[in-house]
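Note sheet for the following structure.
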Amino acid sequence: MKLSELLKGITPKVTVTLNPDVTDICFDSRKVSKGCCFVAQVGTKVDGHKFIDGAVADGAAVIVCQELPKAQHEGVAYILVENSDIALGVMADNFYCHPSSQLKLIGITGTNGKTTTVTLLHRMFRACGYHVGLLSTIVNKIDETEIPATHTTPDAVTLNKLLRQMVDEGCQYAFMEVSSHAAFQHRISGLTFAGGIFSNITHDHLDFHKTMANYITAKKMFFDSLPATAFALVNIDDRNGMVMVQNTRAKVSTYSLEKMADFRCRVMETSFAGQQLELDGKEVWTKLVGRFNAYNITAIYAAAVLSGMGRDEAMRIISTLDAAEGRFQYVAGKGITAIVDYAHTPDALENVLSTINAIRRPGQSLFTVAGCGGDRDTTKRPEMAQIACKMSDRLILTSDNPRTEDPERILDDMEKGLTDEDKCRVVRISDRRQAIKTAVMMAKEGDIILVAGKGHEKYQDIMGVKHHFDDREELCILLGIEQ
């Protein structure tokens, strides 16, 4: 692709005289190849501008940067831009020939519910016979072909490359999670969305955003960027629902379990097997349990209808859907019900525990195994422990991807949320396998165990090494359940 084509939609701060052929686009200096365009991003940990000379030495024909290097090499095109992150997204879209505009791309943002929503939308549209792409925390998919996921939202180049594959393989729709990090870092810059969904905002990622105001602003950036041709679907039971769409050009629709909205839902009855909902004026049974899942179901129903699916067809498919992996997944053995859930924020943990407590019968004890990830938001640790202790009969504090932190220090932080009276019902076991085993040993027939925090993850991240670990697998072994 000619450089002039690659730069469409970008206004360089300095006149560009060269117009070489560009063979590839990259932002990682280790992946530079002859004839490629290297984009120097400032980054949160490493400044890509430090690697410009190395990129040129490795054959880069074009350098895109926010600050021109003092020494410039002859024959290399240097493009000075206001923001390299935004430029990367626009150029990636150009390089892969605008894939997001060649299908209906729908994104969802919010603290909780993103993975469940996109996963179920993917399944719904597949069930209707459409070719569909999925970009999620758990996995990326083109129809049923899986592509491993490394981030909730990939970088701009990977994202456009995946969308190009989806288009080339006939996908008509794609559903993707839009993280607050991705919106803030402009990873979705240049994409054309057909719709956006907002689920909720609760305490999370303050290690990155520092304040809730910054976190909300990052989420809102997604809706600010939606075109007039898109829909913006927001949960108005969340106080930030209408804040998200204050400046959007998209057509706004609302959903709710509590207020008047375009799409309304009411929980009629619930059990571990599922729940009966009144949705859009009709009754439907779903296998997904809990009030938080009633919100997810309402969101996917509304998004499906806004995307062109018939209401009756959407309702029919909802009744067949299973939960996303690691989202309120339960197994039963030896008379014990065990639930695995990804809940790793205070709000998500409270939602899951509220659901279990609403269903469990008198005499059933609830044992919760929970931890907090290392190298992440430390302010939520005491709150997580406080919620888990208050809403459980017994709490076992344990490791959840300690990363480079000392697991015992993380548990110390969690214990700060507990009173001396609380601590009588709390056990500390940093070894996660042993913690789950202890919960099973303590539980009697009829009791319930919640193992929270990791959900679908199949590893423990310890000092940069990912060791195989699967909560559900551990429970199945301990409860004598065939996998």
Side-chain angles (χ1 to χ4, degrees), residues 44-45 111-112 137 152 179-181 200-216 218 326 339-354 356 366-439 442 449-455 457 459-467 469 471 474:
T44 55
K45 295 181 179 178
T111 306
N112 304 314
T137 300
T152 297
S179 68
S180 57
H181 295 69
N200 50 61
I201 283 187
T202 60
H203 187 154
D204 200 17
H205 300 308
L206 296 193
D207 55 317
F208 180 84
H209 295 292
K210 307 305 179 188
T211 68
M212 283 299 291
N214 290 343
Y215 184 35
I216 291 165
I339 297 158
V340 173
D341 194 273
Y342 188 51
H344 61 287
T345 66
D347 181 67
L349 185 59
E350 186 170 4
N351 284 338
V352 171
L353 287 166
S354 294
I356 295 170
L366 171 57
F367 298 82
T368 296
V369 180
C372 288
D375 302 333
R376 296 292 186 270
D377 185 357
T378 60
T379 62
K380 68 182 181 182
R381 292 174 182 174
E383 189 178 354
M384 293 275 286
Q386 187 179 61
I387 289 167
C389 185
K390 179 181 71 175
M391 302 182 75
S392 312
D393 294 296
R394 295 297 298 270
L395 169 62
I396 302 173
L397 296 178
T398 191
S399 292
D400 178 348
N401 291 334
R403 300 183 178 89
T404 64
E405 282 195 71
D406 178 354
E408 295 296 337
R409 290 286 298 276
I410 297 172
L411 299 189
D412 288 343
D413 285 344
M414 295 188 76
E415 277 199 339
K416 290 174 184 176
L418 304 175
T419 65
D420 289 338
E421 186 179 346
D422 289 335
K423 290 176 184 177
C424 296
R425 296 186 291 112
V426 177
V427 180
R428 284 176 57 144
I429 305 174
S430 60
D431 184 308
R432 193 173 181 91
R433 178 173 284 110
Q434 191 61 43
I436 295 172
K437 184 177 180 180
T438 300
M442 292 169 71
I449 297 170
L450 169 65
V451 182
K454 294 182 64 62
E457 292 178 349
Y459 61 84
Q460 273 275 67
D461 188 337
I462 303 170
M463 289 297 177
V465 179
K466 290 185 176 181
H467 305 266
F469 195 91
D471 286 347
E474 294 297 319

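These numbers come from the heavy atoms of this one structure, side chains and all, not from hydrogens, waters or symmetry mates. All residue numbers refer to positions in the sequence shown, counting from 1.
- I462 meets the side chain to side chain contact (heavy atoms under 4.5 Å, CB included) test with P402, Q460, H467; sequence neighbours excluded.
- Here D406 pairs with nothing under the salt bridge (Lys or Arg N to Asp or Glu O under 4.0 Å) rule; sequence neighbours left out.
- With sequence neighbours excluded, the residues forming a salt bridge (Lys or Arg N to Asp or Glu O under 4.0 Å) with R433 are E474, listed by chain and number.
- Shown here are the side chain to side chain donor-acceptor pair (under 3.5 Å) partners of D431, two or more places apart in sequence or in another chain: there are none.
- Taking F367 as the reference, nothing meets the ring-ring contact (aromatic ring centres under 6.0 Å, His included) condition, with sequence neighbours excluded.
- Salt bridge annotation for R381-D413: present, with a cationic side-chain nitrogen under 4.0 angstrom from a carboxylate oxygen.
- The side chain to side chain contact (heavy atoms under 4.5 Å, CB included) check on V451 picks up V369, R432, I436, I449, D471, L475, with sequence neighbours excluded.
- By the side chain to side chain contact (heavy atoms under 4.5 Å, CB included) test, T368 is found to be paired with L353, L366, A370, A388, S392, L395, L450, residues two or more places apart in sequence or in another chain being considered.
- Not counting sequence neighbours, D461 has no partner by the side chain to side chain donor-acceptor pair (under 3.5 Å) test.
- Scored by the side chain to side chain contact (heavy atoms under 4.5 Å, CB included) test, K390 finds no partners at all (sequence neighbours excluded).
- With sequence neighbours excluded, no residue satisfies salt bridge (Lys or Arg N to Asp or Glu O under 4.0 Å) with E350.
- Annotation: side chain to side chain donor-acceptor pair (under 3.5 Å) contacts of S399 (sequence neighbours excluded): none.
- Contacts of N200 classified as side chain to side chain donor-acceptor pair (under 3.5 Å), with partners at least two apart in sequence or in another chain: none.
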